[in-house]
Trainee: 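Supplied in structure tokens, the structure appears directly below.
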Amino acid sequence: MSIEKESSSTRGQESLTGMDLLSLTFRALDMTDSETKRDDFLSVTREQTYETTSNVTSKEKARKSKRNEEGSRFGELRCISMDEVAWHDTPNNCWVIIYDYVYDCTELLKTHPGGQDVLLEYAGRDATLSFIGAGHSKFAQDILKEYLIGELPLKQRIFRVPDGVKVVGL
Ligand code: HEM
């Protein structure tokens, strides 16, 4: 059955969008412990997202600083576009995107328990799906922050935006 047909039989006249397909892929990947809990899902409202652009209004600035006082996870993060990330795709300069955050994995390449090849495969691009697929432990998720250097601009994000792709395990 084609995707279009399946879509129209399950969702009336609506057709599947790229986001729907990505979301389905994630759901198919997640997998093992199937009982969904409320906090399995990322629930982001427009107020909880923030954009690190230069022309933010004073109202936005006030909101951001309030959020930082309240203990935002990473404070101010540099805004890095996917184009810029794409330039960092070598063993001497390896950035990856996971969950809309940008990580400099150049040093990690030397010590990554999964080896450097798997990381290099995603150098300069999004590695979210593989990071989850590899079944990384809580420890691995915790040390992610050691490599954090920035985040994607709001327009390029697919997870941390209102109605973004929902994933389990991050
Ligand atoms: C900054 C990003 C990453 C960090 C901090 C990281 C960290 C780790 C850590 C600590 C482990 C040991 C096992 C564990 O605790 O889960 C591990 C294993 C592994 N990682 Fe990563 N990882 C990263 C990105 C990736 C990516 C993008 C891939 C792509 C496929 C990957 C593939 C693997 C694999 C296959 C293993 C399993 C090794 C084994 O069990 O023998 N990792 N990683």
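Numbering of ligands and ligand atoms starts at 1, following listing order. This chain uses plain numbering: 1 for the first residue, then up along the sequence.
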Trainee: Among all protein heavy atoms in this structure, tell me which lies nearest to atom 15 (O) of ligand 1, with the distance rounded to 0.1 Å.
Mentor: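 Result for atom 15 (O) of ligand 1: S137 OG, 2.5 Å.
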Trainee: When you check the side-chain N and O atoms of S81 and D83, is any donor under 3.5 Å from an acceptor?
Mentor: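 Absent: no donor and acceptor within the cut-off.
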Trainee: At what distance is the nearest protein heavy atom to atom 2 (C) of ligand 1, and which residue and atom is it?
Mentor: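 Answer, as residue, atom name and distance: L144 CD2, 3.5 Å.
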Trainee: Give the numbers and elements of all ligand 1 atoms closer than 4.0 Å to a heavy atom of I98.
Mentor: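 Per the distance check, 2 (C).
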Trainee: Heavy atoms, side chains only, cut-off 4.5 Å: are L152 and I97 in contact?
Mentor: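 Contact flag for L152/I97 side chains = yes.
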Trainee: In terms of residue, atom name and distance, what is the protein heavy atom nearest to atom 26 (C) of ligand 1?
Mentor: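 Answer, as residue, atom name and distance: L119 CD2, 3.8 Å.
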Trainee: How about atom 4 (C) of ligand 1: does it have a protein heavy atom within less than 4.0 Å?
Mentor: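 When distances to the protein are checked, atom 4 (C) of ligand 1 has a heavy atom within 4.0 Å.
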Trainee: Counting distance only, does the side-chain N/O of H88 pair as donor-acceptor with the main-chain N or O of C94 below 3.5 Å?
Mentor: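 Between the backbone of C94 and the side chain of H88 there is no qualifying donor-acceptor contact (under 3.5 Å).
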Trainee: Between E151 and R78, is there a side-chain N and carboxylate O pair less than 4.0 Å apart?
Mentor: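 No, no charged N to carboxylate O under 4.0 Å.
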Trainee: Nearest to atom 28 (C) of ligand 1, what protein heavy atom do you find, and at what distance?
Mentor: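 Closest protein heavy atom to atom 28 (C) of ligand 1: H136 CE1, 4.1 Å.
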Trainee: Answer whether the closest heavy-atom distance between the side chains of D117 and L119 falls below 4.5 Å.
Mentor: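 Answer no - side chains too far apart.
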Trainee: Does the side chain of I80 come within less than 4.5 Å of W95's, by heavy atoms?
Mentor: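 Yes, their side chains come closer than 4.5 Å.
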Trainee: Any idea which atoms of ligand 1 are less than 4.0 Å away from a heavy-atom of L108?
Mentor: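 Those atoms are 1 (C), 2 (C), 3 (C), 4 (C), 5 (C).
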Trainee: Identify, for atom 35 (C) of ligand 1, the protein heavy atom at the shortest distance, and state residue, atom and that distance.
Mentor: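 For atom 35 (C) of ligand 1, the nearest protein heavy atom comes out as A134 CB, 4.0 Å.
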Trainee: May I ask you to establish whether R160 and Y101 are in a cation-pi arrangement, using a distance under 6.0 Å from NZ or CZ to the six-membered ring centre and at most 45° from the ring axis?
Mentor: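 So R160 does make the cation-pi contact.
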Trainee: Tell me: protein heavy atom nearest atom 30 (C) of ligand 1, and distance?
Mentor: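 Protein heavy atom at minimum distance: S130 CB, 3.5 Å.
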Trainee: Write out the residue and atom name of the closest protein heavy atom to atom 39 (C) of ligand 1, then the distance separating them to 0.1 Å.
Mentor: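 For atom 39 (C) of ligand 1, the nearest protein heavy atom comes out as P113 O, 4.7 Å.
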Trainee: Report the atom name of the nearest N/O/S atom of H112 relative to atom 21 (Fe) of ligand 1.
Mentor: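 Of all N, O or S atoms belonging to H112, NE2 is the one nearest atom 21 (Fe) of ligand 1.
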Trainee: If you take the nearest heavy atom of each of A127, A140, A123, C94, which one is closest to atom 27 (C) of ligand 1?
Mentor: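 Looking at heavy atoms only, A127 sits closest to atom 27 (C) of ligand 1.
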Trainee: Going by heavy atoms in the side chains, are H112 and V118 under 4.5 Å from each other?
Mentor: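 H112 reaches V118 side chain to side chain.
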Trainee: Polar contacts were defined as any N/O atom of the residue lying under 3.5 Å from an N/O atom of the ligand; does this apply to Y147 and ligand 1?
Mentor: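 No: no nitrogen or oxygen of Y147 is under 3.5 Å from one in ligand 1.
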Trainee: Would you say atom 24 (C) of ligand 1 makes contact with the protein, given that contact here means a non-hydrogen protein atom less than 4.0 Å away?
Mentor: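 Yes, there is one.
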Trainee: Report yes or no: does R157 contribute a side-chain atom to a donor-acceptor pair with the main-chain N or O of D100 at less than 3.5 Å?
Mentor: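 Flag not set: sc R157 to bb D100 has no pair under 3.5 Å.
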Trainee: Which atoms of ligand 1 are found less than 4.0 Å from any heavy atom of C105?
Mentor: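 Within the 4.0 Å cut-off of C105, ligand 1 contributes 1 (C).
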Trainee: For T106 and D104, test the side chains for any donor-to-acceptor distance below 3.5 angstrom and give the result as yes or no.
Mentor: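 The answer is yes; a qualifying pair exists.
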Trainee: Looking only at protein heavy atoms, which one is nearest to atom 37 (C) of ligand 1, and what is the separation?
Mentor: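 Protein heavy atom at minimum distance: G114 CA, 4.2 Å.
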